[in-house]
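Please read the structure below before turning to the comments.
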Amino acid sequence: MKVMKFGGTSVGTPERMKHVASLVTSSGEPTFVVLSAMSGTTNALVEISDYLYKKNTEGAHEVINNLEKKYMQHVEELYMTAEMKEKTRAFLSKQFDYLRSFTKELFTSFEEKSIVACGEVISTNMIINYLNEQGVKALLIDALDFMRTDKNAEPDLPYIKEHLTTIMKQNVDYQIYMTQGFICRNAYGEVDNLQRGGSDYTASLVGAALSADEIQIWTDIDGMHNNDPRIVEKTEPVHHLNFEEAAELAYFGAKILHPTCVQPAKFAGIPVRLKNTMAPEAEGTLIDNITKKGEIKAVAAKDNITAIQIKSSRMLLATGFLRKVFEIFEHYQTPIDMVCTSEVAISMSIDNDTHLTEIVDELKKYGTVTVDTELCIVCVVGDLDWHNVGFETRAADTMKDIPVRMISYGGSNHNISFLIKAEDKAQALQSLSRSLFP
Ligand code: ASP
Ligand code: MG
C-alpha cells in the first residue's frame with residue numbers, strides 16, 4: 001500500500017480538496033491518505049487559544065465565528081447533493097459549538113491541544129464526505145485511536161503498529177483509508193499532537209507501521225531543487241536523495257522534510273517521495289537509503305552565520321579543552337554547526353547569536369576570542385565519500401576567487417561546507433552550479 005500525505009495548501013480550498021480526491025483515487029488501488037488541516041486553520045486555532053489564555057472570550061468568539069463562516073461557505077462549493085451539504089453542515093456546527101464550549105472553562109495547555117486538534121478532524125471529515133458522495137469506498141480512521149506517544153513524548157511505535165494493523169484487518173475492502181495528520185494521544189490518553197508541521201511525521205509513522213511500499217509527501221513545490229532558484233537561474237529538481245543527504249539539506253531550510261519526521265521511514269527502509277500537488281505529473285524527489293555513487297546532488301546556503309574563534313596555547317596537547325569550550329555553548333542552548341580545529345585554536349559557526357555576548361565573555365577565560373559576523377554557509381551535498389577522488393577539489397576550486405573563512409569536509413560522507421562572507425553568496429552559488437551541474 002502507498003501512503004499519500006497532503007499539506008495544508010494542498011487541501012486549502014474546496015477546489016483543491018476535489019483535486020486531492022482525484023489524485024488519491026486515480027490509481028484505483030487501496031491507498032492510505034494522511035491530511036493536514038486546511039491552510040490557515042491551525043494558526044486560527046492557536047489564535048483562539050491565545051485569546052482564551054488571556055480570558056478574552058469576545059476575541060475567541062470572533063475568530064471562531066469567522067472560521068465557521070468560511071467553512072460553511074466551503075460546504076456550498078464542495079458538495080453536490082443537498083443531503084451531503086446538510087450532513088456536513090451539521091458536523092461543522094457540532095465542531096464549532098465544541099470550540100465555543102471552551103470559553104466557559106479554565107484554560108490550560110490541555111484544552112489548547114484539544115482545540116488545535118480540530119483542524120485535521122474537520123479537513124478529513126470534509127474530504128471523506130466528498131469521496132463518499134462521489135461513490136468511493138472510503139474509511140476515516142481516527143488518529144486518536146492508534147497514534148500515540150510514550151512517556152518521553154516520542155511516538156510509541158509498537159503501540160501504533162499494533163493498533164493500526166488491527167484496525168486495518170477489521171476493515172478490508174476499502175479503496176481509501178484516511179486519517180488526520182499531526183494529532184495523537186499521549187501516554188496518559190490525553191489529546192496531544194506531534195508539534196507544528198507534524199503531519200509529515202504521521203505519514204512516516206503510518207508508512208512504517210503498515211510497511212508501505214512508498215510514502216508520498218504532497219506539497220506545493222516540485223520537490224527539492226539543486227540550488228536556490230531565487231539566486232541561480234535554471235535550477236533543476238533533484239530526482240533522488242538518500243536520507244542522509246536529505247537531512248543535510250534540511251538544515252539549509254530547503255523545503256524538505258524535517259529529519260526526525262522521516263526517521264521512522266528511514267529505519268523501516270521505506271522510500272519517501274516529495275510530490276507537487278499543483279503539478280502531479282512532475283517526477284518530484286525520491287528519498288531512500290540508496291547512495292548514487294559519485295553523484296553531487298545539490299548546493300544550498302544558510303544566511304546569518306557567525307564564526308567564533310578561540311586561540312590558546314593552553315590547548316596544545318591538552319585534554320578536555322574542546323569539552324570546556326562546547327559546554328559554554330551548551331549552557332546557552334546555542335547549537336554549533338561547523339567546527340574546525342587546529343592544535344592551538346578552534347573555530348565554530350553558529351546561526352543563533354542571541355547569547356553571543358555571554359558566550360564570548362565566558363570563552364575569554366580560556367583564550368583569545370575573535371568573532372566574524374555576516375557570514376553564510378554554502379554546502380555541497382552528494383556522494384562525498386573520501387574514497388571518491390577529486391570531488392572536494394572540484395568544489396573547492398570553484399571557490400578560488402572567494403575568501404573562505406572555514407571549510408568542513410569528512411564529517412559525514414555526504415557534504416562539504418564552506419563558510420564565506422554573505423556578500424559572496426550569490427557568486428559562490430552561481431559558480432558552483434556552473435561547475436557541478438553544467
Ligand atoms: N496542521 C498542523 C500545522 O499547521 C500540522 C501540519 O500541517 O503538518 O502545523
Ligand atoms: Mg505542513
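Computation of the quantities below employed the complete heavy-atom set of this structure, encompassing side-chain atoms and omitting hydrogens, waters and symmetry-equivalent molecules. When a ligand or atom number is given, it counts from 1 through the structure's own listing order.
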query: Under 4.0 Å between a Lys/Arg side-chain N and an Asp/Glu carboxylate O for Asp97 and Lys94?
result: no
- prompt: Got a salt bridge between Glu68 and Arg100, using NZ or NE/NH1/NH2 to carboxylate O under 4.0 Å?
  reply: yes
Please tabulate, for side-chain N and O atoms in residues 271-278, each donor-acceptor pair with protein atoms closer than 3.5 Å (sequence neighbours left out).
| unit_1 | atom_1 | unit_2 | atom_2 | d |
| --- | --- | --- | --- | --- |
| Arg273 | NE | Glu214 | OE1 | 3.4 |
| Arg273 | NE | Glu214 | OE2 | 2.9 |
| Arg273 | NH2 | Glu214 | OE1 | 3.3 |
| Lys275 | NZ | Pro280 | O | 3.0 |
| Lys275 | NZ | Ala282 | O | 2.9 |
| Asn276 | OD1 | Met278 | N | 2.9 |
| Asn276 | ND2 | Asp222 | OD1 | 3.3 |
| Thr277 | OG1 | Ser10 | OG | 2.6 |
| Thr277 | OG1 | Thr219 | O | 2.9 |

Is any N or O atom of [X], backbone or side chain, closer than 3.5 Å to an N or O atom of ligand 1?
| X | result |
| --- | --- |
| Lys5 | no |
| Gly197 | yes |
| Thr42 | yes |
| Asp200 | no |

Taking atom [atom1] as the centre, does [X] end up with more than 12 heavy-atom neighbours from other residues, nucleotides or ligands that are less than 6.0 angstrom away?
| X | atom1 | result |
| --- | --- | --- |
| Glu190 | CD | yes |
| Asp303 | CG | yes |
| Glu374 | CD | no |

Report, in ascending order of atom number, the atoms of ligand 1 lying under 4.0 Å from any heavy atom of [X].
| X | answer |
| --- | --- |
| Ser199 | 5 (C), 6 (C), 7 (O), 8 (O) |
| Ser36 | 6 (C), 7 (O), 8 (O) |
| Arg196 | 3 (C), 4 (O), 9 (O) |

- prompt: Would Gly198 count as a contact of ligand 1 if the rule is a heavy atom under 4.0 Å away?
  reply: yes
- prompt: Does Glu120 have a heavy atom less than 4.0 Å from any atom of ligand 1?
  reply: yes
field: Residues forming a side-chain contact (heavy atoms from CB on, under 4.5 Å) with Asp173, sequence neighbours excluded
entry: Lys137
